[in-house]
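A quick write-up on the structure given underneath.
In this text, all values refer to a predicted model and were calculated from it rather than measured experimentally. Just so we're on the same page: letters track the sequence lines, and every chain starts at 1.
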There are 2 protein chains.
Amino acid sequence: MTAPAFQLHDHAHCSGDVLARAEALTTASGARLTPVRRRALEILLEAHRAMGAYEVLQRLAAEGYGNQPPVAYRALEFLVEQGLAHRIRRLNAFTACMHPGEAHAPAFLICRACDTVAEAAAAPVRAALDAAAADLGFVVERANIEALGLCPACQAQA
Amino acid sequence: MTAPAFQLHDHAHCSGDVLARAEALTTASGARLTPVRRRALEILLEAHRAMGAYEVLQRLAAEGYGNQPPVAYRALEFLVEQGLAHRIRRLNAFTACMHPGEAHAPAFLICRACDTVAEAAAAPVRAALDAAAADLGFVVERANIEALGLCPACQAQA
DNA sequence: TTATGTATGTAATATCATAACACGTCAAGA
DNA sequence: TCTTGACGTGTTATGATATTACATACATAA
Ligand SMILES: [Zn+2]
Ligand SMILES: [Zn+2]
Ligand SMILES: [Zn+2]
Ligand SMILES: [Zn+2]
């Protein structure tokens, strides 16, 4: 598993690794990782944090891409559909998926002090959710699991 | 447990019951369930579905309360803080809590076809989430668990 | 080549949410 | 009693987020 955001790690490496896998995945599935889309993903990876659509747009526009909201929203939507990024609704933001390709039901841990977002392995969480839903006859297709709390670093400070 | 939204039930009864408990809870805690706040809760209960802040506002304004966004947002924020309502981020909406007072980690089941929202008992889900977070040294304070899928009725239709 | 689907760009608008300030009420304390 | 401060409500104005609709460019395939 990719190192969680909370820990120090060789970011250039984990980022490049994810990007390579993203290329492979989209090629394999027939989806087109066009320049804007690829650049949007790179921007998320470089930031290594959740970014708002307008923030991504600003970066894209500065590099010569369109400067209207749909440009960013479409690229980000594509990435989310392909499982290359996730949408964090609590923050109205997006973040690159740190382990694309691996089947995973992501759960996000959002530090309320430093806004760092980590993606936790949540297969057991998802299983419990599916079970609770099944009790009511509900079939879960997608789930957003977002936890707000304190990351290790910010716990130490407090 | 209160009947889930997916099932037919005596809504007037479940709604009145919840409102009575809300009164008791706020009185006990010293919080003030003022007319606007109480009416906002009633509106959510009557609708028995998730409502946007502006939708609630419209109802409040029609009854003589203020007609500016903060009026609705403040009332709804109060209800959420008191555990009398929940915010559904996926829908940018709010819904009355169907079992206030009971300690509960809510999980919401949102039907993508009819937009009905049910509140599932999610203690096991929350437990799994806490465990996954603990692995990374993260302490969960609050969690939003929102599942998108198909409710029993809409499954039958499809 | 021409047709077709997909991707991108732009303008305009819709929707959601908050900041800042004014006013009224009520209760504690001088 | 008068003052003060906390709280709730209302309003104006603005900010932040997201989508619709339409035009243009580009790829691919008949
Ligand atoms: Zn992921
Ligand atoms: Zn932190
Ligand atoms: Zn609840
Ligand atoms: Zn349904």
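Residue A:Asn67 has no polar side-chain atom (N or O) positioned under 4.0 Å from OP1 or OP2 of C:dG9. Side-chain nitrogen and oxygen atoms of A:Arg37 include at least one within less than 4.0 Å of the OP1 or OP2 phosphate oxygen of C:dA7. For A:Asn92 and D:dA18, the shortest distance from a side-chain N or O to OP1 or OP2 is below 4.0 Å.
When heavy atoms are screened at a 4.0 angstrom cut-off, A:Arg87 is found touching the sugar-phosphate backbone but no base atom.
Between the C1' atom of C:dT6 and the CD atom of A:Glu81 lies a distance of 13 Å, rounded to the nearest Å. Going from atom OH of B:Tyr65 over to atom P of D:dG10 covers 8 Å, rounded to whole Å. Whole-Å rounding puts the A:Tyr73 OH to C:dA14 P distance at 17 Å. Between B:Arg89 atom CZ and D:dA18 atom P the separation is 11 Å, expressed in whole Å.
Side-chain contact between B:Tyr73 and B:Phe78 is absent, with no heavy-atom pair separated by less than 4.5 Å.
A salt bridge does not link A:Arg74 to A:Glu77: none of the charged side-chain nitrogens sits closer than 4.0 Å to a carboxylate oxygen.
Each of B:Phe94 and B:Arg74 lies near DNA chain C, and the nucleotide nearest B:Phe94 is the one positioned closer to the 5' end. Comparing A:Gly52 and A:Pro70 by the nucleotide of DNA chain D whose heavy atom lies nearest to each, the residue mapping closer to the 5' end is A:Gly52.
More than 12 non-hydrogen atoms from other residues, nucleotides or ligands lie less than 6.0 angstrom from CD of B:Gln155.
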Worksheet item: Hey, mind stepping through B:Glu46 and B:Arg39 against salt bridge (Lys or Arg N to Asp or Glu O under 4.0 Å) and telling me if it holds?
Response: CA-CA 10 Å; B:Glu46 285 163 12; B:Arg39 193 68 198 108; 3.4 Å; yes
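The base of D:dA18 is paired with the side chain of A:Tyr54 by a donor and an acceptor separated by under 3.5 Å.
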